[in-house]
Amino acid sequence: MPGFRVGVDIGGTFTDIVFLHQDGTMHTRKVSSSVDNYARAIIDGISQVLQAISCDGACIEEVLHATTVASNAILELKGARTGLIATKGFRDILEIRNLRMPRLYDLAWQKPPPLVERYLRVTVDERVNVHGGIDQALDRVDAETAVDKLLAEGVEAIAVCLLNSFANPVHELMLKEIITRRAPDLPCCISFEVLPEIKEYERTSTTVINTYVMPIVTRYLATLREELDRSGIAATLLLMQSNGGLTTAQAAMQTPMHIIESGPAAGVIGAQALARALALPNVITFDMGGTTAKAAIVERGEVARSLEYQVGGGMMMGSRLLTGAGYLLKVPAVDLAEVGAGGGSIVWIDAGGSLQVGPRSAGASPGPLCYDLGGTEPTITDANVILGYINPAYLVGGALTLNPDKARRVFEATIATPLGLSLAHAAYGAHQIAASNMIRAIKAVSTERGRDPRDYALLAFGGNGPLFAAGMAAALQIRRIVVPPSPGLFSAFGLLYADVEHHYSRTFRRLLHSVNPLELGEVWEQLARQAVDQLKADGFSPDQMRLRKSANMHYQGQTVELTVPVRNGALDAGALADLAEAFGQEHERTYGHRAGPEEPVEMVNIQVVGRGIPERPRGPRKLSPGRYANEGRLPARLAYFGPQVGWLETPVLHRSDLVTPCEGPCIIEEYDATCVVPPKAKAVLDDFGNILIDLL
């Protein structure tokens, strides 16, 4: 049965596999992530599905992959031994950073260690001014000495970032030529090719990160390709980018900085496709897995994107005020807020006697107590088992049998008794604390962005998202909740609806009223040619290419930019006036005010996004989920809904049972997730197979 496209998403606990046929037939599988070799879990999961549907690898047309390999290399400081060549006087820019502090009054906070140690950072005596003029020419002997010093130290990759090279890259190109000649096989990145934009720290950090993970990502993708070929799967391999677009494996090897946060982006792209199908213009996405919970926003059918984000900075909230905790990447990315709250998040009591949840997680190994795989600390999953929300005999379609007695025994001893609470009250308290932590993420992408959550539907997915969604929606006064089919594998599902995209940018700093339209148009055309050339290399014909322009702008004197789309058509004085007005409207929507006409608007960077449109639509209109377990009537069980309501005998349903509307409380059990519908809520199945929950 040819025609399957496969989405693969690696999470901290599980690796999710989704097979989608062009006729709408869908098959899914969830397998434990193989941390020592992520490719092994991918091949195992795909093989299990192929065996279940009696097909071989020839039936797969594409493998679309979201991976955590690059982000893990950064978080664990296991990237390549990287050297950095900088302009004289800028050797310590990775340590000085931009002086942003995530916690202003925490004297014990320490910056994360630089990805390049100081002895591997060398400088050259050169100077290019902001206009591109050469104030101090780079001496070739000086350049060769710097390169030779790093090579003598045995570096595995070299990053080059010189002052103002975005305006004139001649010195960086000289260093690249020397490195290539002296060490042809050594990975090398120059900032002009990675990020030709203003701001020295941001450009240096992004270039270093790209260089640091390049060998790791290259080896991983090469290994995965070999494993696929060995399994008889000759399908095209595409990678999800942090910005929500797909890219080829070859392009990802050259610019791995674009796939750092690929997994979270995939779910948001799937939510965008689903929201369009349901004619829901405004949606807040909520993705809760085993280790983290993430929120994003789809507004008027478009995904919100940030201009930069940080890796390893705890709560990931785009380019918000309290930044500086992680490693900065100045690349476009889906605007996500993330907290360390997942099913595996550990429940503990702090020194002050207060109940806490996360950010530490039991992960895939040893996992929660109830997995009975060696875990010793209680987790949110254990709390939900105690509360009756999770069926101990039906996790992952019954493939994983839980030990609820162990969860109750340890939770009682380590949490409930020390706090002087009943077991149910302690478990519900942990559940509520986890929910409040995740509400912070939703507020970060909504109220902190000038958006009212009550104007949005909540689209919940991930293995634990549907379990928490209704309670969180009630706290935020959101009335409508959507739970898509296969919610626990929805990020992998979202991969199947993404398009190939390539993002290009360049600094073009001018006051908008003094911009020469011809000069601006020429620079935009240069970026457009880059996008067209890359899409052509990807195999797209001219009629399959779509280009989208945008600009980063701010009022003169501001340091943070807003992104404004640029309409198609002639670039003239009228178009620039429309651009200024669009910026004013976006500033007012985001910050609640706009300046008067006398306040000059400054353009900082311009961007072009090139998108490749496939010959046939990415996804079918309707889905036909495959089944891995027989559906029979499920017994009701007691579930706890807080001290005011207490324990209630709660019906347990299959998703298909909701063809007939059901008022809460009820629990919907599926292969990959559990959905809890509390009292004072109503659930029904729509024509697309989504569970629609309305809070009464």
Side-chain angles (χ1 to χ4, degrees), residues 82-99 114-153 155 157-184 186-212 257 328 330 504-511 514 516 519 522-523 526-527 552 556 559 602-606:
T82 302
L84 171 64
I85 301 177
T87 300
K88 184 179 180 180
F90 287 80
R91 181 184 184 186
D92 296 318
I93 192 168
L94 290 179
E95 294 188 82
I96 297 172
R97 297 156 67 91
N98 53 11
L99 300 181
L115 297 179
V116 180
E117 296 180 81
R118 195 170 195 271
Y119 78 97
L120 294 178
R121 303 196 297 262
V122 300
T123 62
V124 290
D125 191 5
E126 63 85 43
R127 187 60 61 104
V128 173
N129 63 40
V130 71
H131 304 294
I134 298 177
D135 293 342
Q136 173 68 46
L138 175 59
D139 180 73
R140 176 168 285 271
V141 174
D142 186 19
E144 291 174 343
T145 300
V147 172
D148 290 341
K149 182 177 180 180
L150 291 178
L151 294 178
E153 293 288 354
V155 296
I158 295 178
V160 180
C161 189
L162 303 182
L163 184 65
N164 294 324
S165 63
F166 66 88
N168 185 346
V170 60
H171 293 163
E172 285 195 352
L173 292 171
M174 179 194 296
L175 283 163
K176 180 181 179 181
E177 179 267 320
I178 294 170
I179 295 168
T180 303
R181 179 162 41 84
R182 276 169 154 67
L186 191 76
C188 169
C189 298
I190 64 173
S191 71
F192 179 76
E193 295 175 345
V194 172
L195 183 70
E197 292 186 13
I198 199 170
K199 296 184 179 180
E200 293 307 310
Y201 168 64
E202 288 80 351
R203 188 157 49 87
T204 304
S205 178
T206 302
T207 304
V208 165
I209 289 174
N210 192 70
T211 312
Y212 186 75
M257 63 184 183
L328 188 141
K330 195 173 190 301
Y504 300 90
S505 65
R506 185 168 299 178
T507 290
F508 188 86
R509 192 171 188 180
R510 308 281 195 283
L511 292 178
S514 64
N516 181 337
E519 181 188 11
E522 182 179 342
V523 179
Q526 292 173 5
L527 295 180
N552 303 149
Q556 187 178 27
T559 59
E602 186 174 38
M603 181 179 286
V604 180
N605 301 309
I606 62 173

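On a predicted model such as this, the values are computed, not experimentally measured, just so you know.
Considering all non-hydrogen atoms of both residues, Thr206 and Val194 come closest at CG2-CG1, 4.2 Å. Contact record, Ala183 with Leu151: CB-CD2, 4.0 Å, taken as the closest heavy-atom pair. Scanning both residues, Phe166 and Phe192, for their nearest heavy atoms gives O-CE1, 3.9 Å. Between Gly132 and Asn168 the shortest heavy-atom distance is O-ND2, 2.9 Å. When all heavy atoms of Val124 and Ala146 are compared, the pair lying nearest together is CG1-CB, 3.7 Å. Nearest heavy-atom pair, Val130 versus Ala167, reported as atom, atom and distance to 0.1 Å: O-CB, 3.6 Å.
Among residues two or more places apart in sequence or in another chain, the side chain to side chain contact (heavy atoms under 4.5 Å, CB included) test is passed with Lys149 by Val122. The salt bridge (Lys or Arg N to Asp or Glu O under 4.0 Å) test applied to Asp142 returns no partner, not counting sequence neighbours. Listed by chain and number, the residues in a side chain to side chain contact (heavy atoms under 4.5 Å, CB included) with Asn552 are Leu307, Glu561, Thr563, Asn605, Gln607 (sequence neighbours excluded). Taking the salt bridge (Lys or Arg N to Asp or Glu O under 4.0 Å) definition, one finds that Glu200 meets it with Arg203, sequence neighbours left out. Residues passing the salt bridge (Lys or Arg N to Asp or Glu O under 4.0 Å) test with Glu197 are Lys330, sequence neighbours excluded. Under the rule for a salt bridge (Lys or Arg N to Asp or Glu O under 4.0 Å), Glu153 has no partner lying at least two apart in sequence or in another chain. Every side chain to side chain contact (heavy atoms under 4.5 Å, CB included) that Ala143 has, sequence neighbours left out, goes to Leu138, Met174, Leu175, Ile178. For Glu177, the side-chain hydrogen bond (donor to acceptor under 3.5 Å, both in side chains) partners at least two apart in sequence or on another chain are Arg140, Arg181. Under the side-chain hydrogen bond (donor to acceptor under 3.5 Å, both in side chains) criterion, Asn164 pairs with no residue at all, not counting sequence neighbours. Applying the side-chain hydrogen bond (donor to acceptor under 3.5 Å, both in side chains) criterion to Arg91, with sequence neighbours excluded, gives no partner residue. With sequence neighbours left out, the side-chain hydrogen bond (donor to acceptor under 3.5 Å, both in side chains) criterion links Asn516 to no other residue. Residues satisfying the side chain to side chain contact (heavy atoms under 4.5 Å, CB included) test with Leu173, not counting sequence neighbours, are Pro169, Ile190, Glu193.
Under the 4.5 Å side-chain criterion, counting only non-hydrogen atoms from C-beta, Asn210 is not in contact with Leu195. In this structure, Leu328 and Tyr201 have side chains that are in contact, with non-hydrogen atoms separated by less than 4.5 Å. A heavy-atom distance below 4.5 Å is found between the side chains of Thr204 and Leu84. Between His171 and Thr87 there is no side-chain heavy-atom pair separated by less than 4.5 Å. You'll find the side chain of Glu602 reaches within 4.5 Å of the side chain of Arg509, heavy atoms only. A 4.5 Å side-chain heavy-atom check between Thr82 and Leu120 finds every atom pair outside the cut-off. Taking 4.5 Å as the limit, some side-chain heavy atom of Ile198 sits within range of a side-chain heavy atom of Val604. Between Val523 and Arg506 there is a side-chain heavy-atom pair separated by less than 4.5 Å.
To the nearest 0.5 angstrom, Ile85 atom CD1 is 11.5 Å from Cys161 atom SG. Rounded to the nearest 0.5 Å, atoms NZ (Lys199) and OG (Ser205) are 13.0 Å apart. The line from OG of Ser505 to CD1 of Ile606 is 9.0 Å long, rounded to the nearest 0.5 Å. Interatomic distance, Thr145 OG1 to Leu150 CG, rounded to the nearest 0.5 Å: 11.5 Å. Taking CG of Asn129 as the start and CG of Leu163 as the end, the distance is 9.0 Å to the nearest 0.5 Å.
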Q: Starting from the C-alpha separation in whole Å, work towards a yes-or-no answer on side-chain contact (heavy atoms from CB on, under 4.5 Å) for Val160 and Lys176.
A: CA-CA 8 Å; Val160 180; Lys176 180 181 179 181; over 6 Å; no
Q: Dump the intermediate steps for side-chain contact (heavy atoms from CB on, under 4.5 Å) on Leu94 and Val208, then the final yes or no.
A: CA-CA 9 Å; Leu94 290 179; Val208 165; 4.1 Å; yes
Q | Derivation of the side-chain contact (heavy atoms from CB on, under 4.5 Å) call for Leu186 and Ile158 | A | CA-CA 8 Å; Leu186 191 76; Ile158 295 178; 3.6 Å; yes
Q. Hey, mind stepping through Glu519 and Phe508 against side-chain contact (heavy atoms from CB on, under 4.5 Å) and telling me if it holds?
A. CA-CA 10 Å; Glu519 181 188 11; Phe508 188 86; 3.9 Å; yes
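Cation-pi geometry between Arg121 and Tyr119 is not met at under 6.0 angstrom from the ring centre and within 45 degrees of the axis.
No side-chain donor-acceptor contact under 3.5 Å links Asp92 to the backbone of Ile96.
Between Glu126 and Lys88, no side-chain nitrogen of the basic residue sits less than 4.0 Å from a carboxylate oxygen of the acidic one, so the salt-bridge criterion is not met.
Judged by distance alone, the side chains of Ser191 and Ser165 do bring a donor and an acceptor atom under 3.5 Å apart.
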